[in-house]
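Right, one structure below, let's go through it.
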Amino acid sequence: SKFFGLNLFFKILIDKILAFTFLIIASPILIISGIAIYLEDGFPIIFTQNRTGWDGRRFKVYKLRSLFNEKYNVTSQITKDDKRKLKIGKFIRKYSIDELPQLYNVLKGEMSLVGPRPHPVMLDLQYSNIYKSFLTRYRCNPGLTGWAQVNGLRGFYTDEKMKKRMEHDLWYLNNWSVILDLYIIFKTFYAIFKYKGD
């Protein structure tokens, strides 16, 4: 792993400062989205799920809930035209607003602003049996955004898309630098509107 020493310290420092700043800036959006979720489908507002972290550690990721309570199945993958989505859920997923609570995961040290996106544990187990190097993605903290995402690999999973994501994530691991992280952070704001989520 390239993630050690002074460069890792700077990465963590940037994570904490920017995550705190972004959380303050995004708080009105989170509050309005939370009210919209409650009015459409009640509580809970926040959805949690076990994800895979650095070296396979498990942690609970935080997201704004985008699906109807009674229609959610943790083992069923969300598709583009999924009927389980709330009306507000379609909007917040499209612009990745549902991911904003993960800034709290960054502050807790479970995630970074930039890194391979964390997947549900069951999905990791599935694809680690298909692609030999798949779990190599977890040689650093998972990210709120990543090299794969700013290159258009967002949204629901297919085998081909997952392979491309893995290849982009491995490229990031092998070429990581603080400058690359800053580039990905700035490019994310452009990618959110160009490559809309599902």
- Query: Do S33 and I97 touch side chain to side chain, with heavy atoms closer than 4.5 Å?
  - Reply: yes
query = Should the pair F3 and W54 be assigned to parallel (<30°), tilted (30 to 60°) or perpendicular (>60°) ring geometry?
reply = perpendicular
With side-chain contact (heavy atoms from CB on, under 4.5 Å) as the test, would you mind laying out the steps for V106 and N141 before giving the verdict?
-> CA-CA 9 Å; V106 176; N141 263 342; over 6 Å; no
Aromatic F59 / basic R57 pairing, under 6.0 angstrom, 45° off normal = no
Is the closest side-chain heavy-atom distance between T52 and H119 below 4.5 Å?
no
Does R139 come within less than 4.0 Å of D55, counting only side-chain N to carboxylate O? no
Centroid-centroid under 6.0 Å between F47 and Y62 rings
no
**Message:** Quick check: do I46 and R65 have side-chain heavy atoms less than 4.5 Å from each other?
**Reply:** no
| Is it true that a side-chain atom of N50 and a backbone atom of V121 form a donor plus acceptor pair closer than 3.5 Å? | no
Is any side-chain heavy atom of S112 less than 4.5 Å from a side-chain heavy atom of C140?
no
inquiry  = Angle between ring planes, W147 versus Y183, binned at 30° and 60°: parallel, tilted or perpendicular?
reply    = tilted
message = Run F20 and L103 through side-chain contact (heavy atoms from CB on, under 4.5 Å) and show every step you take.
response = CA-CA 8 Å; F20 183 73; L103 290 167; over 6 Å; no
- Give a yes or no on whether the backbone of T136 and the side-chain of S133 come within a donor-acceptor separation of less than 3.5 Å. no
For the pair L144 and T188, evaluate side-chain contact (heavy atoms from CB on, under 4.5 Å) and give the outcome as yes or no after the intermediate values.
CA-CA 10 Å; L144 188 59; T188 295; over 6 Å; no
* Going by distance alone, is a donor N or O of one side chain under 3.5 Å from an acceptor N or O of the other, for D181 and Y172? -> yes
Quick note, salt bridge (Lys or Arg N to Asp or Glu O under 4.0 Å) partners involving residues 103-122, not counting sequence neighbours, are E99-R117, K108-E110
Checklist line | R165 (side chain) donor-acceptor with L153 (main chain) under 3.5 angstrom | finding: yes
inquiry  = I'd like to check L100 versus F22 (side-chain heavy atoms, cut-off strictly below 4.5 Å). Are they in contact?
reply    = no
Between L64 and the options I88, L86, I92, the side-chain contact (heavy atoms from CB on, under 4.5 Å) test singles out I92
Residues passing the side chain to side chain donor-acceptor pair (under 3.5 Å) test with Y138, sequence neighbours excluded, are D124
**Asked** Are I25 and V114 co-members of a hydrophobic cluster defined by side-chain heavy atoms under 4.5 Å apart?
**Response** no
Could you check whether any side-chain N or O of D15 sits under 3.5 Å from a backbone N or O of L107, counting only pairs where one atom can act as donor and the other as acceptor? no
**Message:** Would a single hydrophobic cluster contain both F4 and M111, if residues Ile, Leu, Val, Met, Phe, Trp and Tyr are joined by side-chain heavy-atom contacts under 4.5 Å?
**Reply:** no
Any link between V150 and Y190 through a network of hydrophobic side chains (Ile, Leu, Val, Met, Phe, Trp, Tyr) touching at under 4.5 Å? no
| query | With a 4.5 Å heavy-atom cut-off, do I14 and V178 have their side chains touching? | reply | yes
Original post:
Do K85 and F68 have side-chain heavy atoms sitting under 4.5 Å apart?
Top reply: no
- request: Look only at the side chain of K94 and the backbone of G89, and say whether a donor-acceptor pair between them is shorter than 3.5 Å.
  value: no
- Message: Pair Q49, R51 - check side-chain contact (heavy atoms from CB on, under 4.5 Å), show working.
- Response: CA-CA 6 Å; Q49 187 179 52; R51 297 289 173 100; 2.8 Å; yes
hydrophobic_cluster_shared for L125 and M162, side chain cutoff 4.5 Å:
no
Applying side chain to side chain donor-acceptor pair (under 3.5 Å) to K2 and not counting sequence neighbours gives none
Margin query: Please check if the number of heavy atoms outside K63 that lie under 6.0 Å from its NZ is greater than 12.
Written below: yes
